[in-house]
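Taking it in order: structure first as structure tokens, then the write-up.
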Amino acid sequence: MAERILSGSEVVLQALADQGVEVVFGYPGGAVLPLYDEIFKQNRIRHVLVRHEQAAVHAAEGYARSTGKVGVVLVTSGPGATNAVTGLTDALMDSIPVVCLTGQVPTHLIGNDAFQEADTTGITRPCTKHNYLVKNPDRLARTMHEAFHVASSGRPGPVVIDLPKDILVGKAPYLEPGQVQHRTYNPVVKGERSQIEEAMEMLASAKKPILYCGGGVINSGTQACKLLTEFTRMTGAPITLTLMGLGAYPASDKQYLGMVGMHGTYESNMSMHDCDVMVAIGARFDDRVTGNLDFFAPNSQKIQVDIDQSSINKNVPVDIGIVGDVGHVLEDMIKIWKAKQYKIEAAALDSWWKEIEGWRSKHCLSYKQPKDVIKPQHVIRSIHAATRDRKTYITTDVGQHQMWAAQHFGFEHPYEWMTSGGLGTMGYGMPAALGVQVAHPDATVVCFTGDASIMMNIQECATMTQYRLPIKTVILNNRYMGMVRQWQQLLHGSRYSESYSETLPDFVKLSEAFGFTGLTCDKPADLDDAIKKMLEIDGPVILDVAVDDKENCYPMIPSGKPHNEMLLGQETDGNEAIDSDEGMVLV
Amino acid sequence: MKETEISKHTISVLVDNESGVLARVIGLFSGRGYNIESLTVAEVDAQAHQSRITVVTSGTPMVIEQIKAQLSRLVPVHKVSDLTLAGPSVERELALVKVIAAGEKRVESLRIADIFKARAVDATNDSFVYEIIGSPEKIDAFIKLMEPLGLSEISRTGVAAISRGTLTM
């Protein structure tokens, strides 16, 4: 087949089109002008102009997480690339497939401290799954296709391609995606059969089983989530999800115990602590999940399924570690479970569920909504109720509001929950919502945020307006960096060092200045009307809700404590100080 | 072996010889807080553009397993082999050792070099440069003996290693 010779920029655009890319989130600059010129000349690929490069990556993450496709970013050299670093790290921590094209100074200037030069591949090496600097035009097309393969296969993650300006301007041959085979990177998807058999035998012998599932199930796809539901119902075992896994299993199901971890439910954490067989599926035993490792599920045998070998035995040694794609392994698990006619002993399972019901009866998420002040949990629940009949996607920023959203908004389906889990990036919510709304123009997209987080990418209001993205941003406004304040209260003697939001903008005027509607609400009686109004407006809305500024996020496993020493908060009225120096040094 | 017992492992990594690959490996060790006791790298297959990196590291069994898993998931890595676990292996290192001395010390250094089968690869009236090849322990022993005899500079290659017998990577 004859090679087609195009310009470097044409090769990049052609490769994006052939990879099925519909939209690119980006910001122009000197080094990428040739690419922007090419974007101008075509109409296959849509470009969404953000107002800061960090937001471009978060938008691509939102797009990727809500569709299962690869998110694409385009930024310029130097500050464009360095601004993208937080987003890339976020995508790495949460295993989100992103391809980020960065401009670079021409090859002959690399290393000369040229204008807007940065060592992009050097800087992004530890915060990407892989990165490339294209110095040879012959490798351009291959690198583009390879980047999509690496970003989306195995454990997904961000990939950077650094593109010197002379490569974009010069000639380069084009290769179709099918003409490129990767030499080294071909991850295992099928799990080892004998290990899966062994695992099923172990699970069948359990008396107190639990399934502990994470974001890996969602990354594996909707089919994997269906299989997880089938498998869970088949075994009758209780299931808990991590923050990243919410939506992988329907929250309304009776076998679902709620979220696990630091702000997970009491029943979920107690079940994790007391279980005798734990099956971890696409979950990585994060420190926010395990609490104190010395006391983590002390009497259990553990099975772990993960596509990333390095996630197995990293924090917690497991008895059976199965490397493979969650979907494939679940399929085999179901087959084996059926073929061997396995069944967890009914009497044991029954008494395990009775124990769990005991923990459930604590109603650890309950709160009282008084007449005078709005409880933040109540806002989440009210919006959940008001959006139940619509296709709704939720994004969050980071902090108390994020945990309340995770606890109180019941997610029934995968891809509907976008949050910054691993990195905990304040400023993630609104840009991620941009990406989600671009991918799903007709759906309702709600961004739950706090009065501190919202300020960390507030410039994206302009992007919402420009593209008429009808995102509903709900600020749970307690005039504090709430989670910081909570930790200061619990661990630092209520010394609220620098955590009070002294000068917040008037969010109504701010919204109007950006060209959309701002609403406020500070009375419980008005909340439902405010939500109704927000949802009815055809366009972006910021709803600023004044919530109880003393409310803490409970239940909580304090740092350094085991699962069975959760603080429930209800009986202590939130005034419980944690007496532990050990906890103070932990994060 | 106890889970907390620290042991030394020699790990061979076959990689694509492309720019930045060494930085990736080293960055992985520093970023995750693993030890590097020795590291060597050179191209071993010019046609396939493959290099072999030999790392000597130490850690608990869980850490060693992590190191291998983390190395394996780097995109330009073809193979990772733990020579310490794979069976018997040969480990060799080369060192150039400069000794500046006169009189009896100068003669004594020559005698010891002879015992260690080290060669003098450079000589002046005031100095020798010895080339010694062997296990790291042998080189350590040689250097220790040279210390009182005018040892003034050392350059070591780090360990190159390969498994014994028919076993290959």
Side-chain angles (χ1 to χ4, degrees), chain A residues 89 92 95 107 110-111 119-136 139 142-143 146-151 153-162 182-188 284-285 293-294 304 306-318 321 323, chain B residues 1-5 9 11-34 36 43-53 55 57 59-82 85 169:
Chain A
T89 312
L92 182 72
S95 310
T107 42
I110 290 177
D119 175 9
T120 301
T121 44
I123 291 169
T124 60
R125 200 171 285 129
C127 64
T128 52
K129 183 173 171 186
H130 193 52
N131 64 16
Y132 301 89
L133 168 62
V134 182
K135 280 179 150 173
N136 177 351
R139 295 205 55 88
R142 169 185 295 274
T143 303
E146 226 180 78
F148 277 85
H149 169 65
V150 171
S153 57
R155 179 175 177 179
V159 176
V160 161
I161 310 177
D162 204 20
H182 200 279
R183 282 172 302 160
T184 56
Y185 191 73
N186 296 300
V188 176
R284 62 185 175 92
F285 295 93
L293 283 174
D294 294 340
Q304 187 180 3
D306 205 292
I307 196 150
D308 179 6
Q309 166 100 59
S310 74
S311 282
I312 294 173
N313 286 330
K314 183 171 68 180
N315 303 328
V316 173
V318 296
V323 180
Chain B
M1 202 186 315
K2 268 197 220 138
E3 279 302 309
T4 50
E5 214 163 89
H9 284 244
I11 297 168
S12 276
V13 192
L14 212 55
V15 299
D16 279 333
N17 184 14
E18 60 182 37
S19 105
V21 67
L22 187 60
R24 259 177 238 289
V25 170
I26 292 172
L28 186 123
F29 276 77
S30 63
R32 294 188 181 265
Y34 307 141
I36 297 182
E43 192 169 71
V44 290
D45 186 338
Q47 265 185 337
H49 297 290
Q50 285 185 5
S51 292
R52 180 165 174 144
I53 299 175
V55 199
T57 184
T60 61
M62 216 162 143
V63 167
I64 297 291
E65 195 192 332
Q66 261 298 299
I67 291 174
K68 289 183 277 184
Q70 293 286 353
L71 284 169
S72 304
R73 73 179 188 147
L74 293 179
V75 170
V77 167
H78 287 260
K79 265 181 198 162
V80 176
S81 167
D82 186 339
L85 291 186
M169 265 186 95

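Just so it is clear, the model here is predicted, and its values are computed rather than measured.
- The list of salt bridge (Lys or Arg N to Asp or Glu O under 4.0 Å) pairs with a residue in residues 66-82 of chain B, not counting sequence neighbours, reads A/Asp308-B/Arg73, B/Lys68-B/Asp82.
- For residues 24-34 of chain B, the interface with chain A (any heavy-atom pair closer than 4.5 Å) comprises B/Arg24, sorted by residue number.
- Contact annotation for A/Leu133: neither backbone nor side-chain heavy atoms come within less than 4.5 Å of a heavy atom of chain B.
- With a 4.5 angstrom heavy-atom cutoff, B/Glu65 touches chain A only via side-chain atoms.
- Proximity of a side-chain donor or acceptor of A/Asn131 to a complementary backbone N or O of A/Thr121 within less than 3.5 Å is detected.
- Every residue two or more places apart in sequence or in another chain was checked for a side-chain hydrogen bond (donor to acceptor under 3.5 Å, both in side chains) with B/Thr57, and none qualifies.
- Taking all atoms of both residues into account, the shortest heavy-atom contact from A/His130 to B/Pro76 is CE1-CD, 3.7 Å.
- B/Ser72 approaches B/Val80 most closely through the heavy-atom pair OG-CG2, 3.6 Å.
- With a 4.5 angstrom heavy-atom cutoff, A/Asn186 does not touch chain B via any of its atoms.
- Shortest non-hydrogen contact noted between A/Ile161 and A/Ala147 is CD1-CB, 3.5 Å.
- The main-chain N or O of A/Arg155 is found under 3.5 Å from a side-chain atom of A/Lys129 such that the two form a donor-acceptor pair.
- When heavy atoms are compared at a cutoff of 4.5 Å, B/Val77 approaches chain A solely by way of its backbone atoms N, CA, C and O.
- Proximity to chain B (any heavy atom under 4.5 Å) is shown, for A/Val159, by neither the backbone nor the side chain.
- Shown here are the salt bridge (charged side-chain N to carboxylate O under 4.0 Å, His left out) partners of B/Asp16, two or more places apart in sequence or in another chain: A/Arg183.
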